[in-house]
Student: 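I'd like to ask some things about the structure below.
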Amino acid sequence: MRGVTCVSSIPLVLERSREHPASPSMPTVFLHYKFFEDHLNITCSATARPPPVLSWKVAVSGIDNSTESLLNPNGTTSVTSTLYVKDPKKQVGKEVICQVLHLGSVTNFKQTLSKGFWFSVPLLLSIVSLVILLVLISILLYWKRHRNQDRGMYVRTNNLTISMNQ
């Protein structure tokens with residue numbers, strides 16, 4: 001299955017070191033999600049200096065969460081929090097909020113989860129099989145009808161064909 005992947009490009013500040021750390025910066029935030037057959041992953045990433053703090057507002061149960069931090073060479077820190085939703089169908093159409101706390105202020109990043117067409121592989125295979133079966137039955141019925149029409153018009157006896165309509 002294909003998924004959504006967001007990549008953050010963070011410009012490096014040359015000649016920074018621990019003696020000259022990067023100045024405080026506003027966070028760069030990415031919020032995205034990826035549907036799978038049986039679960040949903042929602043990821044919020046924020047990069048800033050000092051490190052941002054991420055939290056979630058979600059109205060569903062059955063969720064696991066993991067958070068990772070990565071110190072970047074330019075002095076910023078990237079924090080990534082991922083929610084693992086076990087029943088994605090219940091979450092479709094609902095809003096998810098990633099809260100980013102940075103330098104005393106909280107900013108909400110909202111995303112409404114939508115899935116263009118929700119289907120499962122067994123359902124898709126069943127529909128395709130049914131369509132193929134209906135096409136084959138239609139061809140068989142057409143062939144049988146055409147064959148019966150041909151038999152009604154001609155009587156065959158001893159390699160001699162006599163037309164019934166004459």
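All residue numbers in this chain count up from 1 along the given sequence. Owing to the predicted nature of the structure, the values given are computational and were not obtained by experimental measurement. The basis for the numbers below is simple: all heavy atoms, side chains too, and nothing from hydrogens, waters or symmetry mates.
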Student: Report the C-alpha separation of K94 and V96 in whole Å, then their side-chain angles, then the decisive distance to 0.1 Å, and conclude whether the side-chain contact (heavy atoms from CB on, under 4.5 Å) test is met.
Tutor: CA-CA 7 Å; K94 296 192 178 170; V96 174; over 6 Å; no
Student: Members other than L134 in its cluster, when Ile, Leu, Val, Met, Phe, Trp, Tyr link by side-chain heavy atoms under 4.5 Å?
Tutor: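 Direct or chained contacts put L134 with L130.
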Student: Can you confirm whether the side chains of T77 and N72 place a donor and an acceptor under 3.5 Å from each other?
Tutor: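 Not at all, the side chains of T77 and N72 share no donor-acceptor pair under 3.5 Å.
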Student: Enter the distance from K110:NZ to E95:CD here, rounded to the nearest 0.5 Å.
Tutor: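 If I round to the nearest 0.5 Å, the distance is 5.0 Å.
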Student: Check for a donor-acceptor pair, side chain of H102 on one end and backbone N or O of P50 on the other, with a separation under 3.5 Å.
Tutor: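 Yes, H102 side chain to P50 backbone: donor-acceptor pair under 3.5 Å.
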Student: Between S55 and Q99, do the side chains contain an N or O donor and an N or O acceptor separated by less than 3.5 Å?
Tutor: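 A pair is found: one side chain offers a donor N or O, the other an acceptor, under 3.5 Å apart.
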Student: Rounded at 0.5 Å granularity, tell me how far CD1 in I42 sits from NZ in K34.
Tutor: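 So the gap between those two atoms works out to 14.0 Å.
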Student: State the CZ-OG1 distance between F30 and T47, to the nearest 0.5 angstrom.
Tutor: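 Result: 7.5 Å between the selected atoms.
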Student: As a quick check of understanding, evaluate side-chain contact (heavy atoms from CB on, under 4.5 Å) for Y33 and Q111, giving each step before the final call.
Tutor: CA-CA 9 Å; Y33 57 94; Q111 179 77 50; 3.6 Å; yes
Student: Is there a path from V53 to V106 through hydrophobic residues (I, L, V, M, F, W, Y) whose side chains come within less than 4.5 Å of each other?
Tutor: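 Per the 4.5 Å side-chain linkage, V53 and V106 are co-clustered.
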Student: Locate the shortest heavy-atom distance separating T82 from N65; write the atom from each residue and the value.
Tutor: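 In terms of heavy atoms, the two residues are closest at O-OD1, 3.0 Å.
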Student: Taking it one step at a time, do C44 and V29 satisfy side-chain contact (heavy atoms from CB on, under 4.5 Å)?
Tutor: CA-CA 7 Å; C44 184; V29 179; 4.1 Å; yes
Student: Is W56 reachable from F109 through a run of hydrophobic residues whose side-chain heavy atoms are each under 4.5 Å from the next?
Tutor: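 Yes.
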Student: Would you check, one step at a time, whether the test side-chain contact (heavy atoms from CB on, under 4.5 Å) holds for I63 with Y84?
Tutor: CA-CA 6 Å; I63 294 178; Y84 304 98; 5.9 Å; no
Student: Can you tell me how far the CG atom of L141 sits from the CG atom of L136, to the nearest 0.5 Å?
Tutor: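 Going from the CG atom of L141 to the CG atom of L136 covers 11.0 Å.
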Student: Nearest 0.5 Å, please: how far is CG in L113 from NE2 in H32?
Tutor: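 Reported to 0.5 Å precision, the distance equals 12.0 Å.
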Student: According to a 4.5 Å side-chain heavy-atom criterion applied to Ile, Leu, Val, Met, Phe, Trp and Tyr, with indirect links allowed, do L83 and I97 form part of one hydrophobic cluster?
Tutor: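 No, it is not one cluster - the side chains of L83 and I97 are not joined through contacts under 4.5 Å.
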Student: Which of these passes side chain to side chain contact (heavy atoms under 4.5 Å, CB included) with I137: I139, L133, L140?
Tutor: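 Only one of I139, L133, L140 forms a side chain to side chain contact (heavy atoms under 4.5 Å, CB included) with I137, namely L133.
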Student: Can you measure from CE (M26) to OG (S105) and round to the nearest 0.5 angstrom?
Tutor: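 Reported to 0.5 Å precision, the distance equals 6.0 Å.
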Student: Would you check if C98 and L54 make a side-chain contact, meaning some heavy-atom pair closer than 4.5 Å?
Tutor: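 C98 reaches L54 side chain to side chain.
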Student: Taking all heavy atoms of P27 and all of A48, pick out the closest pair and write down the distance.
Tutor: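 Nearest heavy atoms, P27 then A48: CA-CB, 3.6 Å.
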Student: Could you pull out the closest heavy-atom pair between V79 and P52, with the gap in Å?
Tutor: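 So the two residues come closest at CG2-O, 3.5 Å.
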